[in-house]
2 protein chains.
Amino acid sequence: MPATIKDIREATGLSLATISKYLNGGNVLPKNREKIDEAVKRLHYRPNEIARGLVTNRTKTIGVMVYNIASIFNGTMLSTIGKELRRQGYAMLICDSAGDTEMEHSNVQFLLNKKVDGIIVIPTERNGDFLQPARDAGVPIVIVDRAVDGSEEDCVTINNKEAAEEAVNTLICAGHRKIAVICSEREYTGSRRLLGYLEAMKQNGLEIPEEYVKTGSQTVSYGYQSMRELLALPEPPTAVFMANYDINFGVVMAVNESDFSCPEDISLFGFDDLLLPRIMSPKLYVMKQPMEELGLKSVELLLERIGSKEPMPPRQIVLKATMMKGDSIRTIG
Amino acid sequence: MPATIKDIREATGLSLATISKYLNGGNVLPKNREKIDEAVKRLHYRPNEIARGLVTNRTKTIGVMVYNIASIFNGTMLSTIGKELRRQGYAMLICDSAGDTEMEHSNVQFLLNKKVDGIIVIPTERNGDFLQPARDAGVPIVIVDRAVDGSEEDCVTINNKEAAEEAVNTLICAGHRKIAVICSEREYTGSRRLLGYLEAMKQNGLEIPEEYVKTGSQTVSYGYQSMRELLALPEPPTAVFMANYDINFGVVMAVNESDFSCPEDISLFGFDDLLLPRIMSPKLYVMKQPMEELGLKSVELLLERIGSKEPMPPRQIVLKATMMKGDSIRTIG
DNA sequence: AGCTTATCACGAAACGTTTAGCTCTCGCAT
DNA sequence: ATGCGAGAGCTAAACGTTTCGTGATAAGCT
């Protein structure tokens, strides 16, 4: 039903080749250019991108895989990534793994069938095997925020370990000795941030009771449950470092429900400067990730790789997190 | 590089038609079936969906337009919609309008160029003109959550006006007389909820000072600013009805920063039962939308329409919101 | 004037599928 | 035996583009 390039041929008397060339930015005689422009406008012609994709073998579509689209962290990342992709003429096909690694496997195959030109992925866990089919197919990949073990892909992350160290050192400087951590070892970010915590504690010669280290998962519910456990200990910590945005939520929920209050009884240090840290009272101390940069950089790397015919070595970009001060830390004599 | 159906032909000696028929569920002789199965597995053959789309004129891809992908409300909706679409074999091409109606216009054209089989849209404002190109092209459309003025499309919403009435009546029953509202008139939901507020106030013979009615936009920042203004009035309200999830956030932020506290000095009633209402202390009273149902129903309507060759009359589905009690309302003598 | 070069247009093949319509074979009922 | 229909396979065209190689025209040089 919609007009095709053949209709333009009828209308102008020119050949398909000439019309196609002009529409793709080639040079034609001024009078032909006018004819084509007129016909395109009159017939509301728009190139069929499916047909184009078949012959050029490029769909101008990028697959984006996230571990959970309902998390505001991912939503914010997708917002930046989507806007930038669009600016460069690419569409964004989103696959939500919903925290399920099976689904993640299936998503890769799905995107390959859709013939995406490249894949941006914020993975569910540290195991990157699910990417194998894409590697085999030679589809460019960029991994964002959470690196995967032993990958050969481009990767954009932040200095997780150092950021965690800075956070924990801040707590220590405020006089805290009994500091707990809530994170996850299954994701890259959680494991790196845990290392930072351990390092800071060790450097300062502080003891780490086993029950102060919670390494389950980076979810709201795990944060909630862990915090309840911590507060119920015979000797609860005086400060807690939360290694991820969703954990922030769960922890704050648990504190609000308890008899403890922040910062009088318990000091908190979180991650990611999104809505929560600013909305709550007291304002939460956090390490802020440069999320926009993360998104922009990942798009840049991917399009670069798609554009270049030569194979390029994998690149590792590491951005820096910065501290945002709040009122959630009590200074201990 | 990947295997094509022609490679299967070489491997089996069968014709393209036979192979295609079998792959699409047709019947072939057992020995041929075996041959094809073997070749498909050995060559890792997967049909090229681009080529298929060209001839069938169906891409098995749905365009989903949201007014802001970074909002957790939309993220949650997208999660449900995406999962259900996927279950039915469809991909989800997401376009974020980022609150910009220009962008929204451009998004429709973009999706049409991508030849999506249908469009699900959570619109930015009440004006639905941006959908015209899709209507002209005969692409099925379903509008979710926020209806648009005078549309002929399928539409899934909730009983906004009645829900707002219930909320305001709850405040009135608790003894409140000075009740303010924060919403927006530009969106369908905001304007309907405003009507509900006005109706409840009128039914109970309550006065509505002009400065108690804030109808700017449904964003965090507007909620924040409006609440500051309300609290600064010579005669501030004793209760506030917040007509949307983002507004909740802004309002709570403003209250936390002020000398007022909830519910002692100010009672609050919000919308949408997502993270915030549960996390905050005191727990927030809200009207809860059946978000999963909203998403599922919209997918169902769309696929039904895509599947049917006959034209169908537009359908209007209205779901019901329910009240979730909290501790954010003070009972006045 | 004759030769070269640059510019533009064109015809035809190709991309990887689906599908309409035809042919062939086989078995069964008459 | 003959006729018939069902089932399965095949050929070829079609979907709407891009692109390769060639041809034509005009302009620029000696």
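In the text below, chain A, chain B and the rest are named by the order of the sequence lines, each starting its count at 1. Hydrogens, waters and symmetry mates play no part in the numbers below; they use all other heavy atoms, side chains included. Please read these numbers as outputs of a predicted model, since none were measured by experiment.
Neither side chain, B/Thr76 nor B/Ser79, offers a donor N or O lying under 3.5 Å from an acceptor on the other.
An OP1 or OP2 oxygen of D/dC10 is reached within less than 4.0 angstrom by a side-chain nitrogen or oxygen of B/Thr18. One finds no side-chain N or O of B/Tyr22 lying less than 4.0 angstrom from the OP1 or OP2 phosphate oxygen of C/dT18. Under 4.0 angstrom from either OP1 or OP2 of D/dC10 there lies at least one side-chain N or O belonging to B/Ser15. For the OP1/OP2 pair of D/dT18 and a distance below 4.0 Å, the side-chain nitrogens and oxygens of A/Ser20 include at least one atom meeting the criterion.
Nearest nucleotide to the side chain of A/Ala51, out of C/dG16, D/dT17, C/dT17: D/dT17. For A/Lys21, counting side-chain heavy atoms from C-beta on, the closest listed nucleotide (D/dT17, C/dA12, C/dA9) is C/dA9. Residue B/Ala17 has its side chain nearest to C/dT19 when only C/dT19, C/dT17, D/dT19 are considered. The side chain of B/Val55 approaches C/dT18 more closely than any other nucleotide in the set D/dT11, C/dT18, D/dT18. Picking from C/dT18, C/dG16, D/dT18 the nucleotide with the shortest atom distance to the side chain of B/Asn48 gives C/dG16.
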Derivation and outcome, salt bridge (Lys or Arg N to Asp or Glu O under 4.0 Å), residues A/Arg58 and A/Asp117:
CA-CA 6 Å; A/Arg58 283 184 282 108; A/Asp117 293 344; 5.7 Å; no
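In this structure, B/Ile50 reaches neither bases nor backbone, as no heavy-atom distance under 4.0 Å exists between it and the strands shown.
B/Asp154 has its side chain within reach of B/Arg305: a pair of non-hydrogen atoms, C-beta onward, lies under 4.5 Å apart. Contact annotation: the side chain of A/Asp145 approaches that of A/Phe73 to within less than 4.5 Å [non-hydrogen atoms, C-beta and beyond].
The interatomic distance linking B/Glu49 (CD) with C/dC15 (C1') rounds to 16 Å, in whole Å. The CG atom of B/Asn24 sits 15 Å away from the C1' atom of C/dA20 (whole-angstrom rounding). The CG-C1' distance, from B/Asn57 to D/dA14, rounds to 12 Å in whole Å.
For the contact set between residues 25-34 of chain A and DNA chain D, defined by any heavy atom under 4.0 Å, there are no members.
Considering A/Thr101, A/Thr124, A/Asp96, A/Asp100 in turn, A/Thr124 is the only one that fulfils the side-chain contact (heavy atoms from CB on, under 4.5 Å) rule with A/Tyr67. Only one option out of A/Gln289, A/Arg126, A/Arg146 pairs with A/Thr189 in a side-chain contact (heavy atoms from CB on, under 4.5 Å); it is A/Arg146.
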